[in-house]
Trainee: 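Have a look at this one.
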Amino acid sequence: MKFRILGSLFLSSSLILAACGNGSDSDNKSEKKEETKSSSQVVKDLQSNAKNVKSYHTDNKIKVSTKDQEGQAVKVGMDVDEKNTAKLITDQEGKKMTIYVQGKKMLAKMDDQWVDLSSQVENTDIDSSLDQLNYEKYAKTLSAFKDAKAKKVDDGYELTYNIKNKEDFTKLANASGNEDQLKQFKSQVDKISGKALLKVNKDNEIDSYKLNAKLTKDDETANMKTNVTYDKLNNIDEIKIPDEAKDAKKIEDLQGGSSNSPSSGSSSDKAS
């Protein structure tokens, strides 16, 4: 199916949307008389404040569905500590998996078995996504929202970015650094339309991100919805990889060497 890998593509994108919560020393700022800010200023203040964020929690939900098939929702909860060590818990229709990421090390617990997926970090462009687990680096990718429509709300601002074509989406996603994934996405989709909504709170922190888009390829269409929320800003304890994970088996060994080449696992997707 033409949209077979879109879910994982956007899931990767949603995983790098990370941060938010409660501010530390910004209460005095919020007490000052507030003036309506432009979208450019909202993003600028957000990016300036990002250097103070060292840890966070984010919940992500993504769902891709077509006319003939109701898509499965994928949920991902992620904690990132001050050392950029991440713990993710994924849930796809009740099937859960725990993943730890530390530098270029990636360990996952699947069906009560620990698996070392570190080779996948080097063999795919997920490496650039993991680099953006750093909140400050991620905030720099939001510059496209400087051209969004800003609306002042009770607890901050909502920035709406309208997507009329692939060029609009490319501008939104280009800063993520996932060039290979973006190129793959553009080759799979003829048309895309929708909107992205970024909500920023009064303390210049990300509150939520929503993306609702319609994707078209030839005579097929798919609807994709992403919902990301953030909390526990600077309130995540040090994440330690469990001792039992030290005996994790390498994915290459479990697959009998069939995954030594990164293309071996993706050929069926390309053929879809």
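Source: prediction; values computed, not measured. We count residues from 1, following the sequence as given.
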Trainee: In terms of side-chain geometry, is the basic nitrogen of Asp190 or Lys217 positioned less than 4.0 Å from the acidic oxygen of its partner?
Mentor: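 A salt bridge links Asp190 with Lys217.
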Trainee: May I ask you to test the Thr98-Leu88 pair for a side-chain heavy-atom distance under 4.5 Å?
Mentor: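 Contact flag for Thr98/Leu88 side chains = no.
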Trainee: In the hydrophobic clustering that connects Ile, Leu, Val, Met, Phe, Trp and Tyr at side-chain heavy-atom distances below 4.5 Å, which members other than Trp114 occupy its cluster, ordered by chain and number?
Mentor: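 Trp114 clusters with Tyr100, Leu107, Ile236, Ile239, Ile241.
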Trainee: So, Gln47 versus Ser143: side-chain donor-acceptor pair below 3.5 Å or not?
Mentor: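 There is such a pair between these side chains.
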Trainee: When rounded to the nearest 0.5 angstrom, what distance separates CG in Asn201 from CG in Asn49?
Mentor: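 With rounding to 0.5 Å, CG (Asn201) is 8.5 Å from CG (Asn49).
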Trainee: Hydrophobic clusters here meaning ILVMFWY residues chained together by side-chain heavy-atom distances under 4.5 Å, can you tell me if Leu117 and Met97 are in one?
Mentor: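 Cluster IDs for Leu117 and Met97 match.
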Trainee: Ile89 and Lys87: side chain to side chain contact (heavy atoms under 4.5 Å, CB included), yes or no, with the steps?
Mentor: CA-CA 7 Å; Ile89 298 178; Lys87 177 183 178 180; 4.3 Å; yes
Trainee: For Ala144, check side chain to side chain contact (heavy atoms under 4.5 Å, CB included) against everything at least two apart and list the hits.
Mentor: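 Ala144 satisfies side chain to side chain contact (heavy atoms under 4.5 Å, CB included) with Tyr161, Lys171, Leu172 only.
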Trainee: Apply the test side chain to side chain contact (heavy atoms under 4.5 Å, CB included) to residues Leu233 and Glu205: give CA-CA distance (whole Å), side-chain angles for both, the deciding distance (0.1 Å), then the verdict.
Mentor: CA-CA 9 Å; Leu233 185 73; Glu205 302 156 357; 3.2 Å; yes
Trainee: What closest approach, in Å, do Leu142 and Leu46 show between heavy atoms, and which atom pair accounts for it?
Mentor: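 Closest approach of Leu142 to Leu46: CD1-CD2, 3.6 Å.
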Trainee: Let me see the working for Asp155 and Lys199 under salt bridge (Lys or Arg N to Asp or Glu O under 4.0 Å), right down to the final yes or no.
Mentor: CA-CA 9 Å; Asp155 54 350; Lys199 189 173 182 180; 3.4 Å; yes
Trainee: Between Asp253 and Lys249, does a salt bridge (Lys or Arg N to Asp or Glu O under 4.0 Å) hold up when you go through it step by step?
Mentor: CA-CA 7 Å; Asp253 295 337; Lys249 296 184 179 180; over 6 Å; no
Trainee: Treating Asn234 as the side-chain partner and Asn52 as the backbone partner, does any N or O pair qualify as donor plus acceptor under 3.5 Å?
Mentor: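 At least one qualifying donor-acceptor pair exists.
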Trainee: Between NZ of Lys54 and CG of Asn84, what distance do you get to the nearest 0.5 Å?
Mentor: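 Taking NZ in Lys54 and CG in Asn84, the distance rounds to 9.5 Å.
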Trainee: When you compare the side chain of Leu211 with that of Met224, does any pair of heavy atoms fall below 4.5 Å?
Mentor: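 Side-chain contact under 4.5 Å: yes.
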Trainee: Tell me, with the steps shown, if Asp59 and Lys75 meet salt bridge (Lys or Arg N to Asp or Glu O under 4.0 Å).
Mentor: CA-CA 7 Å; Asp59 285 307; Lys75 300 177 182 178; over 6 Å; no
Trainee: Over 60° means perpendicular and under 30° means parallel, so tell me whether Tyr209 and Phe145 are parallel, tilted or perpendicular.
Mentor: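 Taking Phe145 first and then Tyr209, their aromatic rings stand perpendicular (interplane angle over 60°).
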Trainee: With the threshold set at 4.0 Å, does a side-chain nitrogen-carboxylate oxygen contact exist between Glu244 and Lys109?
Mentor: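 Yes.
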Trainee: Quick check against the 3.5 Å criterion: does Thr170 have a side-chain atom that pairs as donor or acceptor with the backbone of Lys166?
Mentor: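 Checking the backbone N and O of Lys166 against the side chain of Thr170, a donor-acceptor pair under 3.5 Å is found.
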Trainee: Is the side chain of His57 donor-acceptor paired with the backbone N or O of Val80 at a distance under 3.5 Å, no angle test?
Mentor: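 No; judged by distance alone, with no hydrogens or angles, the pair does not exist.
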Trainee: Any chance you could lay out the side chain to side chain contact (heavy atoms under 4.5 Å, CB included) test for Lys37 and Asp45, step after step, and finish with the verdict?
Mentor: CA-CA 10 Å; Lys37 297 191 292 187; Asp45 291 344; 2.8 Å; yes
Trainee: Tell me, do Asn223 and Thr221 make a side-chain contact under 4.5 Å, heavy atoms counted?
Mentor: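 A side-chain contact under 4.5 Å is absent here.
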Trainee: Counting N and O atoms only, with roles assigned by atom type, does the side chain of Asn60 sit under 3.5 Å from a partner on the main chain of Val76, one being a donor and the other an acceptor?
Mentor: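 Flag set: sc Asn60 to bb Val76 pair under 3.5 Å.
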Trainee: Is Lys146 atom NZ crowded by more than 12 heavy atoms from other residues, nucleotides or ligands, each under 6.0 Å away?
Mentor: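 Above 12, so yes.
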Trainee: Using a 3.5 Å distance criterion without hydrogens, assess whether the side chain of Ser39 forms a donor-acceptor pair with backbone atoms of Ala148.
Mentor: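 Confirmed, Ser39 side chain pairs with Ala148 backbone.
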Trainee: Please tell me whether Ser119 and Glu252 have a donor and an acceptor in their side chains that are separated by less than 3.5 angstrom.
Mentor: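 Checked: Ser119/Glu252 side chains pair up, N/O donor to acceptor below 3.5 Å.
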Trainee: Check whether any side-chain N or O of Lys164 sits under 3.5 Å from a backbone N or O of Ser193 as a donor-acceptor pair, and report yes or no.
Mentor: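 No; zero donor-acceptor contacts below 3.5 Å.
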Trainee: Atom CG of Asp218 and atom CD of Gln188: how far apart are they, to the nearest 0.5 Å?
Mentor: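 Rounded to the nearest 0.5 Å, the CG-CD separation comes out at 11.5 Å.
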Trainee: Please evaluate residues Thr226 and Lys210 with respect to the criterion side chain to side chain contact (heavy atoms under 4.5 Å, CB included), reporting the C-alpha separation (whole Å), side-chain torsions for both, the decisive distance (0.1 Å), and the verdict.
Mentor: CA-CA 5 Å; Thr226 298; Lys210 295 182 179 180; over 6 Å; no
Trainee: Can you tell me how far apart NZ (Lys151) and OG1 (Thr36) are? Round to the nearest 0.5 Å.
Mentor: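 Nearest 0.5 Å value for the NZ-OG1 distance: 12.5 Å.
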Trainee: Identify whether Met110 and Met78 are in the same connected component of the hydrophobic contact network (ILVMFWY, side-chain heavy atoms under 4.5 Å).
Mentor: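 Yes, it is one cluster - the side chains of Met110 and Met78 are joined through contacts under 4.5 Å.
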Trainee: Could you report the tightest heavy-atom contact between Val53 and Tyr56, atom names first, then the distance?
Mentor: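 The answer is CG1-CD2, 4.4 Å.
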Trainee: Counting only heavy atoms not in Lys246, do more than 12 sit closer than 6.0 Å to its NZ atom?
Mentor: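 It does not: Lys246 NZ has 12 such atoms or fewer within range.
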Trainee: Looking only at atom types and distance, does a side-chain atom of Lys202 sit under 3.5 Å from a main-chain N or O of Asp154, one as donor and one as acceptor?
Mentor: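 Confirmed, Lys202 side chain pairs with Asp154 backbone.
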Trainee: Quick one: pull up OG in Ser208 and CG in Asp231 and give me the separation to the nearest 0.5 Å.
Mentor: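 Ser208 OG to Asp231 CG: 11.5 Å, rounded to 0.5 Å.
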Trainee: Crowded around Asn165 CG? As in, over 12 foreign heavy atoms under 6.0 Å?
Mentor: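 Counting other residues, nucleotides and ligands, CG of Asn165 exceeds 12 neighbours.
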Trainee: Between the side chain of Thr58 and the main-chain N/O of Thr229, is any donor-acceptor distance below 3.5 Å?
Mentor: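 Yes; judged by distance alone, with no hydrogens or angles, the pair exists.
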Trainee: Decide if atom NZ of Lys195 counts as having more than 12 heavy atoms of other residues, nucleotides or ligands within a radius under 6.0 Å.
Mentor: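 No, not enclosed.
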Trainee: Would you say that more than 12 heavy atoms from the other residues, nucleotides or ligands in this model lie under 6.0 Å from the NZ of Lys225, or not?
Mentor: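 No, the 6.0 Å shell around NZ holds no more than 12 heavy atoms from other groups.
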Trainee: Could you tell me whether a side-chain N or O of Asp111 sits under 3.5 Å from a main-chain N or O of Gln113, the two making a donor and an acceptor?
Mentor: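 No; zero donor-acceptor contacts below 3.5 Å.
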Trainee: Using 0.5 Å steps for rounding, measure from the CD1 atom of Ile163 to the NZ atom of Lys214.
Mentor: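 One finds 14.0 Å between CD1 of Ile163 and NZ of Lys214.
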Trainee: Would you find a donor on one side and an acceptor on the other, under 3.5 Å apart, between the side chain of Asp116 and the backbone of Ser118?
Mentor: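 Judged by distance alone, yes, a pair lies under 3.5 Å.
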Trainee: Restricting to non-hydrogen atoms, name the atom on Ser55 and the atom on Asn235 that form the minimum distance, rounded to 0.1 Å.
Mentor: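 Closest pair (atom of Ser55, atom of Asn235, distance): OG-N, 3.3 Å.
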